[in-house]
Amino acid sequence: GLFGLVTGCSLIFSASLFAGCWRRFRSVSREKGSRINDAQALKHVLASMDKVALLLRNEPALPKNQREMQEELRSLLEAARMPQLARERELQLLCQVLRRQQYA
């Protein structure tokens, strides 16, 4: 009776502890993967800044609104055959860099 109850509680506690640790491990693994992706995206953006600057040289000023700026840049980049920068994360980072330059 008592031995079975203690054993059952111990097993339930161990299983819940294992499940919690497993979820945390998976979460950390996903975070690490997203950081690697962010680093790759930033590397692509920074490597292409000269090309983007040349592309924007003859264009009117970009909109201040983040969404409008992204759409404008996406169409310019796709027209210039630079699709690697038209991906969502690269586009977000590029907009952040350009906005900081506007305010500098």
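The structure displayed is predicted, hence computed values, not measured ones.
Heavy atoms only, all atoms of each residue included: M82 and S48 are closest at CE-CB, 4.2 Å. Closest of all the heavy-atom pairs between P63 and M69 is O-CE, 3.3 Å. When all heavy atoms of E59 and L55 are compared, the pair lying nearest together is CG-O, 3.5 Å.
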From CA spacing to verdict: salt bridge (charged side-chain N to carboxylate O under 4.0 Å, His left out), E90, R74: CA-CA 10 Å; E90 280 85 348; R74 180 177 283 118; over 6 Å; no
Derivation and outcome, side-chain contact (heavy atoms from CB on, under 4.5 Å), residues M49 and Q101: CA-CA 12 Å; M49 282 307 292; Q101 284 183 340; 4.3 Å; yes
CA sep, side-chain torsions, deciding dist, call: L94, Q70, side-chain contact (heavy atoms from CB on, under 4.5 Å): CA-CA 9 Å; L94 183 59; Q70 283 182 354; over 6 Å; no
R89 and N37: CA distance, side-chain angles, deciding distance, side-chain contact (heavy atoms from CB on, under 4.5 Å) verdict: CA-CA 9 Å; R89 187 62 187 143; N37 291 339; over 6 Å; no
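The CD atom of E72 sits 10.0 Å away from atom CG of L77, with the distance rounded to the nearest 0.5 Å. Taken to the nearest 0.5 Å, the CG atom of L2 stands 9.0 Å off from the OG1 atom of T7.
V52 is not listed as a side-chain neighbour of V45, based on a closest heavy-atom distance of 4.5 Å or more. Between L93 and D38 the shortest side-chain heavy-atom distance does not fall below 4.5 Å.
For the pair S16 (side chain) and F13 (backbone), a donor-acceptor distance under 3.5 Å is present. Looking at S10, its side chain never comes within 3.5 Å of a backbone N or O of V6 through a donor-acceptor pair.
Between W22 and F18, the ring planes are parallel. Angles under 30° get that label, and only those over 60° would be called perpendicular.
Looking only at atom types and distance, the side chain of R99 has a donor-acceptor partner in the side chain of Q66 under 3.5 Å away.
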